[in-house]
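These numbers were taken from a predicted model, which means no experiment stands behind them. Just so we're on the same page: letters track the sequence lines, and every chain starts at 1.
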2 protein chains.
Amino acid sequence: MPTKKGTASGGTRRTPATGSRAANQRADAQRNRAKILAGTVTAISRNPDASVADIAAEAGVGRVTLYGHFQNRAELIEAALMDSLERGEDVLSEVPLDGEAAAAFQRLVASSWVLVDQSRALLAAAQKELPAARIRELHENAEARMRGLLLRGQREGAFRVDLPVSWLLTTTHVVMNGASEEVRIGRLDPEDAPRFIDAILLPAFTQKRDR
Amino acid sequence: MPTKKGTASGGTRRTPATGSRAANQRADAQRNRAKILAGTVTAISRNPDASVADIAAEAGVGRVTLYGHFQNRAELIEAALMDSLERGEDVLSEVPLDGEAAAAFQRLVASSWVLVDQSRALLAAAQKELPAARIRELHENAEARMRGLLLRGQREGAFRVDLPVSWLLTTTHVVMNGASEEVRIGRLDPEDAPRFIDAILLPAFTQKRDR
DNA sequence: CCTAACTAGAACAGCGATGTACGAGATACA
DNA sequence: TGTATCTCGTACATCGCTGTTCTAGTTAGG
């Protein structure tokens with residue numbers, strides 16, 4: 001079977017089916033894989049529909065080499081997104097969610113904001129390339145964390161209950177994304193972003209106590 | 001000069017330079033132009049990067065005919081956006097902006113929401129095709145109207161002044177867009193949208209009176 | 001230091017989209 | 001009813017991107 005001869009690091013994909021974990025590849029190759037993943041984020045951030053050639057150039061790697069690591073564009077995007085989300089998970093899982101709901105929400109938003117700002121463009125690219133279900137699946141953890149907190153806040157009377165949690169969640173997302181976009185085009189100082197986001201979301205979500 | 005022979009309604013572009021207003025074209029052609037403009041909106045709404053062929057099919061018109069009306073894709077998108085914005089202007093200019101700022105804001109948002117929901121995808125497509133400056137220019141009117149209202153609200157003490165108007169404006173945009181997206185994927189009842197939007201924006205923007 | 005793993009680059013095939021050219025047919029409107 | 005205007009379909013040239021193949025060179029690591 002000369003077809004499977006596998007140029008470049010085709011050997012990486014030794015394992016037949018999906019879900020091949022980091023195999024026994026050379027240190028060299030692992031470094032390149034990381035470079036490609038990083039390059040994908042920056043290339044996509046600069047231009048949402050960057051070509052594979054663009055990405056390879058950004059990563060400082062040959063286009064063919066890239067194809068050695070990832071079978072096609074979709075797989076590349078998915079890997080980059082998974083990588084970003086895994087890093088994000090590491091950060092977010094450290095955020096203490098106990099105590100007052102509003103304060104915990106503020107902490108979680110502050111940490112999430114940085115991650116959103118970094119991989120917003122990548123997510124947008126993924127939405128074109130991957131089935132929506134897959135995207136959902138990958139975001140499951142992060143989404144569940146925020147949703148759980150919002151629910152608890154509602155139960156405890158900290159957050160308003162006249163709106164469904166799904167809408168609070170959506171609002172949180174779009175405001176963070178909006179801030180990220182404003183930063184990108186230079187209309188918002190990154191320093192101000194977390195404060196501005198909180199300034200909108202907290203009064204909007206908080207249950208009014210007096211009437 | 002057989003090059004300029006002008007198949008189809010190339011005659012439409014009789015005027016040499018830019019800004020050719022509706023010329024003396026046949027009633028037939030005018031109808032088709034309208035069909036194409038409408039088709040562009042629906043086609044783009046269904047698929048953000050629909051091809052010219054897709055759009056022509058949606059409009060029920062030959063691809064070549066479309067090129068008779070618009071020289072290239074960019075010109076088509078721009079025309080469709082201009083058309084949508086002009087219609088929008090007709091609606092928004094009727095909204096009474098006097099009286100209490102918060103109430104006026106509510107009225108303006110209610111009217112804007114419908115328009116945003118209709119041409120959100122078109123705007124996204126335009127952002128890829130047209131220079132950002134051109135987009136800005138086209139939105140000038142609508143943007144100025146909302147900005148003026150927010151400013152007045154700040155001066156009158158109705159809206160908070162600890163955030164710049166630009167951020168209030170951005171927030172308004174992203175929340176409306178978010179609602180539109182949620183409607184599109186069927187997670188939000190269009191009926192609820194205006195109420196949900198207000199429920200977020202008003203408490204977020206309103207100056208707290210007591211402390 | 002030797003071999004297997006990895007990389008680079010050029011070249012190629014395939015696809016889909018854009019924009020143009022042509023020829024013939026349909027339709028408004030005077 | 002006649003003619004300029006408009007439309008349609010097909011066909012074509014071009015371009016950029018994807019994914020593959022081949023060859024030759026470089027590097028990691030036992």
Output side-chain donor-acceptor pairs under 3.5 Å for residues 136-144 of chain B, partner residues at least two apart or in another chain, one line each.
unit_1 : atom_1 : unit_2 : atom_2 : d
B:E137 : OE1    : B:R134 : NH1    : 3.4
B:E137 : OE2    : B:R134 : NH1    : 3.3
B:H139 : ND1    : B:I135 : O      : 3.3

From CZ of A:R63 across to C1' of C:dC12 the rounded distance in Å is 11 Å

With sequence neighbours left out, the residues meeting salt bridge (charged side-chain N to carboxylate O under 4.0 Å, His left out) with B:D54 are none

In whole angstroms, the gap separating P of C:dC6 from CD of A:Q30 amounts to 9 Å

Here the distance between atom C1' of C:dT18 and atom CD of B:E129, to the nearest Å, is 11 Å

From CD1 of B:I55 across to P of C:dA17 the rounded distance in Å is 12 Å

Sorted by chain and residue number, the ring pair (Phe, Tyr, Trp, His ring centres under 6.0 Å) partners of B:F205 (sequence neighbours excluded) come out as B:F105

Atom CD of A:Q71 and atom P of D:dT20 are separated, to the nearest Å, by 8 Å

Let me check something: any side-chain donor-acceptor pairs from residues 122-133 of chain B under 3.5 Å, sequence neighbours excluded? List them with distances.
unit_1 : atom_1 : unit_2 : atom_2 : d
B:E129 : OE1    : B:R73  : NH1    : 2.9

A:E181 meets the salt bridge (charged side-chain N to carboxylate O under 4.0 Å, His left out) criterion, sequence neighbours left out, with A:R120, A:R184

If each end axis of the helix from C:dC1-D:dG30 to C:dA30-D:dT1 is fitted on five C1' pair positions, the angle between them, to 10 degrees, is 30°

Within residues 47-54 of chain B, those residues having any heavy atom closer than 4.0 Å to DNA chain C are B:S51, B:V52

When rounded to whole Å, the OH to P distance for the pair A:Y67 and C:dG9 reads 16 Å

Contact string for nucleotides 25-30 of chain C, one letter per nucleotide 5' to 3', B = base within protein heavy-atom range under 4.0 Å, S = sugar-phosphate only, - = neither, reads --BSS-

From CG of B:L76 across to C1' of C:dT18 the rounded distance in Å is 13 Å

Sorted by chain and residue number, the salt bridge (charged side-chain N to carboxylate O under 4.0 Å, His left out) partners of B:R187 (sequence neighbours excluded) come out as B:E182

Sorted by chain and number, sequence neighbours left out, side chain to side chain contact (heavy atoms under 4.5 Å, CB included) with B:S166 holds for B:R147, B:P164

If you compare every side-chain N and O of B:N32 against the phosphate oxygens of D:dC6 (OP1, OP2), does one of them come in below 4.0 Å? no

When rounded to whole Å, the CD1 to P distance for the pair B:I77 and C:dA17 reads 14 Å

By nearest-heavy-atom nucleotide on DNA chain C, the more 5' of B:R73 and A:G62 is A:G62

By salt bridge (charged side-chain N to carboxylate O under 4.0 Å, His left out), B:D98 pairs with (sequence neighbours left out) none

Taken in chain and number order and not counting sequence neighbours, the residues that satisfy ring pair (Phe, Tyr, Trp, His ring centres under 6.0 Å) with A:W167 are B:F196

| field | A:H69 side-chain N/O to C:dC6 phosphate OP1/OP2 under 4.0 Å | value | no

